[in-house]
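All values below were derived from every heavy atom in this structure, side-chain atoms included, with hydrogens, water molecules and symmetry-related copies excluded. Within every chain, numbering begins at 1; the chains are lettered A, B, ... in the order of the sequence lines, protein sequences first and strands thereafter.
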Protein chains: 2
Amino acid sequence: MSELASQTYTRADEAFDCLQTAIVKGDLAPGDKIGELDLCSRFELTRGPLREALGRLESRGLLVRRPHAGVKVVSVSASELVELYRIREVMEGLAARQAAERMTDQEIADLQATLNAHEAMIDEARGQAYYQAEGDYDFHHRIATGSRNTKLAQMLLGDLYYMVRMYRYRLSTSAGRPHLALGEHRRIVEAIAQRDGELAEFLMKRHINAARKNIEKKIEEGLLTI
Amino acid sequence: MSELASQTYTRADEAFDCLQTAIVKGDLAPGDKIGELDLCSRFELTRGPLREALGRLESRGLLVRRPHAGVKVVSVSASELVELYRIREVMEGLAARQAAERMTDQEIADLQATLNAHEAMIDEARGQAYYQAEGDYDFHHRIATGSRNTKLAQMLLGDLYYMVRMYRYRLSTSAGRPHLALGEHRRIVEAIAQRDGELAEFLMKRHINAARKNIEKKIEEGLLTI
DNA sequence: ATACCGGATATTGTCAACAATACCTGAGTC
DNA sequence: GACTCAGGTATTGTTGACAATATCCGGTAT
């Protein structure tokens, strides 16, 4: 009766993971028409599972498929990245509010511990990259699951975050403000610890808003094109 | 070079649509383990395209699949429906705000015309069902696309609305307050026409909030179980 | 020279057979 | 009598071949 994730890992799952990471990391060029056979030889798969994985990816908006014409990775634009952050703002605001209402004390303690670890990384000055790549992701990940809102977590973790990471890789951008972000993270967690959902939502929205404005500034400076 | 939707309709698309409507309408029972062969004979398909469609449906959260154990339609609960409305509240609030900023005058005029049509339906007293089923959907549909936020529209139209409709069918619930809803719709459109994004967001959030409270009331009264 | 049209080709969509695995049934044991 | 375990069976996962179609290239006409 245990709800443990099934150990069996099907070829289609494998294909899906390979393709997803390849797209997110930018190994597959956007707009490029990639053939199914190429992908098969590339990932040591056969066409059946591959096609199933392609269907899933298409449904998640990571690639587009025209019948008999092949698949191509979605073209990305900086303006779309900004739109993504607008969505994140409202959805993660909600997640923060619900997390403040529903997270267990243990989960909150773990979250605070995570933040301490991040701070140590940054203080060592070499952790900037780590913080950007993993720490920030970890923070938002925990809050999404802590919301106890199944669909919300699914949309954030299964769709949006992959999109954001893809755009970040493609446009080679990053928030680039680790210290500021850490302080904002701290205040959000404090609000959650005090079970102040309204404040947690406000702070989370402002946090993501700041990240969005940072990106918009870069666009204006011409550092991010298309 | 026109961006027109490809006319070719593949068997997998067909399977996807059939399955999706069957799930949403409740023809496929939740929790039931349905075999692939059953589905094939039921919809006159073969297993290849079917499996591709199953992958897409799974990725959208309409069904769950355990390797070698078959697929089953997601079990739904009233509390999850409430969670869905919480997500709608923030996402459609954003959509309304962006629609107020970006919709063309023509689109706004069309939206107002749609509302007038709905009002006529309701005044004829027999249109209640129509309004619930199509009118409300049409209204929210137009605002989602009017936001000009590709991903937002995709998430609302491709994921959330199907989920909401499924839950409505399954729990045989409906907002059941057409006149009130129409008034709220009118005020939202007025705010959009005045290009007041902030107000449009506020009104939309309150509109969906009211619908959620209505559902919660029904749950409390024991009309909606599980 | 450019635009249009028709066929060749390579790629995608589809199908049916083969292999692997989870579930069920039955016997055996504590 | 209840539980465990092993084998059979039916279902799913995978594979390779076949059919359909969009793209590309060459020819022709304007």
Side-chain angles (χ1 to χ4, degrees), chain A residues 1-20 22-23 28-75, chain B residues 1-20 22-23 28-75:
Chain A
M1 279 302 121
S2 62
E3 201 60 40
L4 56 84
S6 65
Q7 308 290 4
T8 32
Y9 202 60
T10 177
R11 301 284 276 226
D13 295 330
E14 190 185 327
F16 180 76
D17 288 343
C18 288
L19 270 278
Q20 178 156 268
I23 292 173
L28 262 45
D32 246 32
K33 277 158 199 159
I34 44 184
E36 292 186 358
L37 294 175
D38 296 0
L39 293 175
C40 287
S41 59
R42 189 165 185 168
F43 296 105
E44 304 276 335
L45 300 162
T46 171
R47 283 185 60 214
L50 179 87
R51 285 182 60 81
E52 206 180 309
L54 290 179
R56 287 196 234 174
L57 269 315
E58 184 193 20
S59 149
R60 293 203 181 180
L62 286 175
L63 51 82
V64 290
R65 196 141 70 125
R66 256 187 2 199
H68 291 283
V71 303
K72 66 173 186 180
V73 183
V74 287
S75 327
Chain B
M1 285 306 113
S2 62
E3 201 61 39
L4 56 84
S6 65
Q7 309 289 6
T8 32
Y9 202 62
T10 176
R11 298 285 273 231
D13 295 330
E14 190 185 326
F16 180 76
D17 289 343
C18 287
L19 270 278
Q20 178 157 264
I23 291 172
L28 263 45
D32 246 32
K33 278 158 197 159
I34 43 183
E36 292 186 358
L37 294 175
D38 296 0
L39 292 176
C40 287
S41 59
R42 189 167 186 167
F43 295 105
E44 305 276 337
L45 300 163
T46 172
R47 284 185 59 214
L50 179 88
R51 285 181 61 82
E52 205 179 310
L54 289 179
R56 288 197 235 175
L57 268 316
E58 185 193 20
S59 152
R60 293 203 181 180
L62 286 176
L63 51 83
V64 290
R65 197 141 69 125
R66 255 186 6 199
H68 292 283
V71 302
K72 66 173 186 180
V73 182
V74 288
S75 328

side-chain contact (heavy atoms from CB on, under 4.5 Å) against [X], all qualifying residues, sequence neighbours excluded:
| X | result |
| --- | --- |
| B:Ala22 | B:Asp27, B:Leu28, B:Phe43 |
| B:Ala15 | B:Leu45, B:Ala53 |
| B:Gln20 | B:Phe16, B:Val24, B:Leu57, B:Arg60, B:Leu62, B:Tyr162 |

By side chain to side chain donor-acceptor pair (under 3.5 Å), which residues pair with A:Asp38, not counting sequence neighbours? none
Can you list everything that forms a salt bridge (Lys or Arg N to Asp or Glu O under 4.0 Å) with A:Arg51? Sequence neighbours excluded, please. A:Glu36, B:Glu52
In 5'-to-3' order, the base (B), backbone-only (S) or no-contact (-) status of each nucleotide in nucleotides 11-25 of chain C, using a 4.0 angstrom heavy-atom cut-off, is -BBBS-----SSS--
